[in-house]
*Asks:* 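What follows is a single structure, and I will ask about it in a moment.
Because the structure is predicted, anything quoted here is derived from the model rather than measured. Below, each value reflects all heavy atoms present in this structure, side chains not excepted, and no hydrogens, waters or symmetry copies. Labels below follow one simple rule: chain letters A, B, ... track the order of the sequence lines, proteins then strands, and each chain is numbered from 1.
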There are 2 protein chains.
Amino acid sequence: MTDAAAAHARPTLADVAARAGVSASTASLAFSGSGPVSDATRERVFAAAKALDYAGPDPRAQSLRRGRSGIVGVVLEERVRAAFLDPVKIQMLDGISEGIVPLGAGLLLLTDTGEGAVSVANAPVDAVALIGCSPRLAHTVAQLRLRGIPMVAIEGHAGDDIIEISIDNEDATRRGAEHLRELGHSRVALVTLPLDPERTRGPLTPEREAESTSATTSERIAGARLVFPGIGGVTAGASDVEEGRLAGLALLADPETRPTAVIAQSDLLAAGVIRAAEELGLAVPADVSVLGFDGVRVDGLAPYDLTTLVQPSAAKGRAAGEALVQMLAGEHPEGTCFSSVFHRGNTTAPPAR
Amino acid sequence: MTDAAAAHARPTLADVAARAGVSASTASLAFSGSGPVSDATRERVFAAAKALDYAGPDPRAQSLRRGRSGIVGVVLEERVRAAFLDPVKIQMLDGISEGIVPLGAGLLLLTDTGEGAVSVANAPVDAVALIGCSPRLAHTVAQLRLRGIPMVAIEGHAGDDIIEISIDNEDATRRGAEHLRELGHSRVALVTLPLDPERTRGPLTPEREAESTSATTSERIAGARLVFPGIGGVTAGASDVEEGRLAGLALLADPETRPTAVIAQSDLLAAGVIRAAEELGLAVPADVSVLGFDGVRVDGLAPYDLTTLVQPSAAKGRAAGEALVQMLAGEHPEGTCFSSVFHRGNTTAPPAR
DNA sequence: CTGAAAGCGCTTACAG
DNA sequence: CTGAAAGCGCTTACAG
């Protein structure tokens with residue numbers, strides 16, 4: 001039989017059972033190992049399977065019958081590449097895969113754009129981790145809730161009944177801001193993460209803040225306000241170096257209005273602000289201090305050692321994965337809020353004058 | 001009805017059909033949009049679905065019935081984190097997700113360790129991309145072949161009948177080696193990628209090379225031999241900076257035997273060799289020249305600009321994804337071999353003496 | 001320890 | 001345009 005022909009007529013459990021001279025039920029038991037089957041019978045079944053090139057029970061049929069697919073979905077708020085370019089997300093992903101080990105489940109990457117045949121609305125997943133504070137969260141959550149799929153949100157309030165794994169965004173930012181104040185800064189500006197579903201770039205305004213759909217962004221803004229009540233700034237269109245650079249240029253170009261310190265809401269954005277400062281001939285930290293958030297090593301940023309708030313990204317992922325395992329076991333786990341640690345690098349210093 | 005109760009009795013297509021007063025077939029047609037259904041009927045079905053909180057056809061039943069799961073597997077040769085730490089793999093992954101867009105399929109992350117309930121042996125995937133030149137390839141391929149699942153291998157010969165997406169490992173390395181020879185180097189050593197399934201660290205010996213299970217490693221060694229016939233060196237236990245550092249220390253510690261140039265088989269390994277040189281008080285490239293492979297930006301390596309062979313990682317992934325799409329459409333695509341581009345950075349120079 | 005039966009939820013020819 | 005029927009491949013009570 002050629003490969004092509006074989007592909008058109010793969011053997012089924014029934015075929016194997018027939019050849020082994022047992023019932024399908026018995027053959028099934030032999031494969032699952034979950035029932036009492038005599039050694040002789042088991043071996044007859046396996047021999048038949050081998051003879052027929054049977055690769056084992058079809059997972060599609062198993063999951064229909066069992067009501068479980070053995071797959072955990074991870075909803076990214078953007079295309080796969082973008083998520084993979086963010087070190088924080090990678091660490092969370094790895095943490096999740098660690099957390100769900102007891103499930104032996106695979107990780108299915110999903111985006112919340114709703115494109116493609118396989119989406120949040122119909123992916124064959126048993127549970128889902130929502131990564132990142134996506135503005136589109138509400139819609140995603142509604143679909144998942146309708147489907148009765150357990151979910152946990154990492155960063156972001158997805159609904160009162162949905163477990164949240166978060167960090168101390170407000171307090172951590174407050175501590176970073178206090179560090180700047182202690183250095184003597186008073187003219188400080190923010191470079192925030194996206195605020196709305198369109199990820200609109202631009203100045204931070206009370207209107208836009210009021211309409212924020214990103215809890216993380218809002219919380220970190222609030223933390224900065226605790227120290228610098230009137231602080232303003234700009235919103236980036238994503239968390240990456242280029243967006244940080246654009247924001248930095250907008251903030252630092254005019255010597256008249258230039259802040260002496262910038263609070264960026266991610267390390268990638270902070271790195272971009274540093275790039276912008278360099279382009280404008282400004283020294284960091286002599287002319288501008290830059291504070292980040294995340295505590296990831298940013299590619300090519302050396303010899304700068306970013307002053308930042310280090311958050312436990314992998315631990316967050318692991319906690320999320322563990323929570324899903326518990327929910328699938330019928331338990332009702334609590335959410336977790338982790339603490340970030342202030343790291344003093346070499347990108348902050350007292351203001352020049 | 002409480003959420004918990006709802007979770008125990010999710011409505012089915014049959015329920016929706018009954019409420020809409022139509023047959024299940026018609027309701028199915030209404031949802032799939034693939035059959036002739038009158039507007040009035042369709043709306044009645046949707047109204048019933050809404051009233052019952054029906055989230056749409058169960059993907060598990062659909063995939064059993066249709067024989068397709070809408071999921072493409074990506075087999076990583078190591079744990080998720082390790083793959084995500086390798087920029088080359090991330091670029092390939094992103095390329096794959098781009099290549100399978102026409103399928104609208106999700107990407108399921110799998111490792112070839114065989115652990116967990118969902119593995120290569122039973123994952124509900126329609127097709128699979130094998131990433132990286134894993135030594136465990138043979139076993140993975142055998143399982144997939146038995147299951148009749150179309151696959152494509154990125155880097156690595158998986159079998160005569162399996163499409164390969166590769167690059168010019170031998171020729172690219174040859175060009176890099178020639179660059180070193182032209183600079184005047186003659187005492188050159190290799191730091192290779194793993195050679196065997198155990199990823200054994202240690203000196204390169206004819207025996208070990210003969211038993212290599214990694215085509216990529218062997219091809220790159222062969223390319224170096226075209227220029228430096230007797231070249232030896234050490235094998236790293238993985239492609240990361242720390243392994244490169246260990247290899248570099250082994251190679252550079254003894255001033256008597258120290259090479260004037262090192263050919264590393266990945267940029268990450270090259271970065272590690274540079275770190276080792278620094279630790280030993282050697283200057284790069286003044287005391288030791290270092291050549292990499294991949295053309296990725298290595299975190300924290302600035303101001304070094306690695307001399308390397310730049311390979312088109314994302315394009316490889318895309319080609320792999322596209323090949324799978326074609327195979328699923330019943331076509332028989334060819335493999336592709338891409339070319340790498342030599343990049344002259346600042347880590348190679350004529351030997352000191 | 002083994003088998004007959006029912007059914008997981010859907011889609012797809014096939015009739016009408 | 002709509003419906004009745006069969007079946008995708010398996011697992012799970014239930015009997016024996």
*Asks:* In plain terms, say whether B:Asp161 and B:Arg145 are close enough for a salt bridge, that is, a side-chain N and a carboxylate O under 4.0 Å apart.
*Replies:* yes
*Asks:* Is the number of heavy atoms from other residues, nucleotides or ligands within 6.0 Å of CD (A:Glu334) greater than 12?
*Replies:* no
*Asks:* Between D:dT2 atom C1' and B:Arg44 atom CZ, what is the distance in whole Å?
*Replies:* 11 Å
*Asks:* Do the side-chain N or O atoms of B:Thr12 get closer than 4.0 angstrom to the phosphate oxygens (OP1, OP2) of C:dG9?
*Replies:* no
*Asks:* Students often get this wrong, so: under 4.0 angstrom with heavy atoms, is A:Thr41 touching a base, only sugar-phosphate, or nothing?
*Replies:* sugar-phosphate
*Asks:* Could you check whether any side-chain heavy atom of A:Met151 comes within less than 4.5 Å of a side-chain heavy atom of A:Val75, counting everything from C-beta outward?
*Replies:* no
*Asks:* With a cut-off of less than 4.0 Å, is there a side-chain N or O of B:Gln62 near OP1 or OP2 of C:dG9?
*Replies:* no
*Asks:* So which nucleotide does D:dC1 pair with, by the Watson-Crick or G-U wobble rule with both distances under 3.5 Å?
*Replies:* C:dG16
*Asks:* Would you tabulate the nitrogen or oxygen pairs shorter than 3.5 Å linking the protein to nucleotides 12-15 of chain C?
*Replies:*
residue: C:dT12; atom: O4'; partner: B:Arg65; partner atom: NH2; Å: 3.0

*Asks:* Toward the 5' end of DNA chain D, which comes first, A:Ala61 or B:Asp39, by nearest nucleotide?
*Replies:* B:Asp39
*Asks:* Would you indicate whether the side-chain heavy atoms of A:Val88 and A:Gln91 approach each other to under 4.5 Å?
*Replies:* no
*Asks:* How many whole angstroms separate atom CG of A:Leu52 from atom P of D:dG9?
*Replies:* 14 Å
*Asks:* Between atom CZ in A:Arg60 and atom P in D:dC8, what is the gap in whole Å?
*Replies:* 13 Å
*Asks:* Does A:Tyr54 place a side-chain N or O at less than 4.0 Å from the phosphate oxygens OP1/OP2 of D:dC10?
*Replies:* yes
*Asks:* Going by heavy atoms in the side chains, are B:Leu109 and A:Val74 under 4.5 Å from each other?
*Replies:* no
*Asks:* Between C1' on C:dG9 and CG on A:Asp58, what's the gap in Å once rounded to a whole number?
*Replies:* 15 Å
*Asks:* So do B:Ile100 and B:Leu107 actually touch side chain to side chain, heavy atoms under 4.5 Å?
*Replies:* yes
*Asks:* Indicate the atoms forming the closest heavy-atom contact of B:Arg147 with A:Pro59, along with that distance.
*Replies:* NH2-CG, 3.5 Å
*Asks:* Can you tell me how far P of C:dA6 sits from CG of A:Leu64, to the nearest Å?
*Replies:* 18 Å
*Asks:* Rounded to whole angstroms, how far apart are CG on B:Leu13 and P on D:dC8?
*Replies:* 19 Å
*Asks:* A:Pro36 near the nucleic acid: base, sugar-phosphate alone, or nothing, with a heavy-atom cut-off under 4.0 Å?
*Replies:* base
